[in-house]
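Please read the structure below before turning to the comments.
In what follows, every chain begins at residue 1, and chains take the letters A, B, ... in the order their sequences are listed.
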Amino acid sequence: MKSSRKYWLFKSEPSCFSFSDLQQRPEGTEPWDGVRNYQARNFLRDEVQPGDGVLFYHSNIARPAVVGSAVVVRGGYPDLTALDPESDAFDARSTADSPIWYRVDIRCGNQFVRQVTLEEIKRHPLLAGMELLRRSRLSIQPVTREEWEIILRLGGVGE
DNA sequence: GCCAACGTTGGC
DNA sequence: GCCAACGTTGGC
């Protein structure tokens, strides 16, 4: 049985990696690496699948917002930055045989015509249950199909 | 830049 | 396995 498509929200500080950075990558594709939180890791390793939809969220700025969509093009595989002593995300506990951290690859979808701000999400009755409003620290979050559709519509785009 | 929330570490 | 100390996230 083919599992159905899932939807996610990925956070990024735009000063670190923005949606426009993603758009400028070859084929708009980038490994989503450096995640060092176990719950987020579990999603990346076990649940995020090729074809899943991603809401790209800019955090830690004056006007936090979902700014675009993306699609998963490769499911969970070991995050090799954990093995690289030169990397900021190096983790001495992780090894090639027994990796701790995982990443997925995403490809940019559409930049929103208008950003969907955190403030707007808070005010929207149908978005009040979003994980984003409850688990402030989680950088990879599941999103329902309904939330996905509403936010794309508010953003003024299809996928 | 402040600071509350909260995930992680490590002593016991 | 508890929990205090510590570090980081992220809204404001």
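Using a 30° and 60° split on the angle between ring planes, A/Trp32 and A/Phe10 fall in the tilted class, from 30° to 60°.
Remark: P of C/dT9 and CG of A/Leu9 are 16 Å apart, rounded to the nearest angstrom. As a whole-Å value, the separation of A/Ile100 CD1 from B/dT9 P is 9 Å. We find that CG of A/Asn60 is positioned 13 Å from C1' of B/dC3, with the value rounded to whole Å. Nucleotide B/dA5 holds its P atom 12 Å from the CZ atom of A/Arg137, rounded to whole Å. Whole-Å rounding puts the A/Asp91 CG to B/dG7 C1' distance at 15 Å. Following rounding to the nearest Å, A/Met130 (CE) and C/dG10 (P) show an atom-to-atom distance of 14 Å. One atom, CG of A/Leu138, and another, P of B/dT8, lie 10 Å apart when rounded to the nearest Å. Atom P of nucleotide B/dA4 and atom CZ of A/Arg134 are separated by 23 Å, given to the nearest angstrom.
Contact check, A/Tyr57 against C/dG11: a side-chain N or O comes under 4.0 Å of OP1 or OP2. The phosphate of C/dT9 has neither OP1 nor OP2 within less than 4.0 Å of any side-chain N or O from A/Lys11.
We find that A/Glu120 and A/Arg114 are joined by a salt bridge, their nearest charged nitrogen and carboxylate oxygen being less than 4.0 Å apart. Under a 4.0 Å N-O distance rule, the pair A/Arg134/A/Glu131 qualifies as a salt bridge.
Hydrophobic clustering of Ile, Leu, Val, Met, Phe, Trp and Tyr side chains at less than 4.5 Å, counting indirect connections, unites A/Leu154 with A/Leu55.
Residues A/Ser94 and A/Asp91 have side chains that never bring a donor and an acceptor to within less than 3.5 angstrom of each other.
For A/Leu118, whose side chain is taken as the heavy atoms from C-beta onward, the closest listed nucleotide among C/dG10, C/dT9, C/dC12 is C/dC12. Taking every side-chain heavy atom of A/Lys122 into account, C/dC12 is the closest of B/dG7, C/dC12, B/dC6. Listed candidates were B/dC6, B/dT8, C/dG10. Nearest to the side chain of A/Tyr38 is B/dT8. Side chain of A/Asn37, nearest nucleotide from C/dT9, B/dT8, C/dG11: B/dT8. Of all nucleotides listed (C/dG11, B/dT9, C/dG7), B/dT9 comes nearest to the side chain of A/Arg93.
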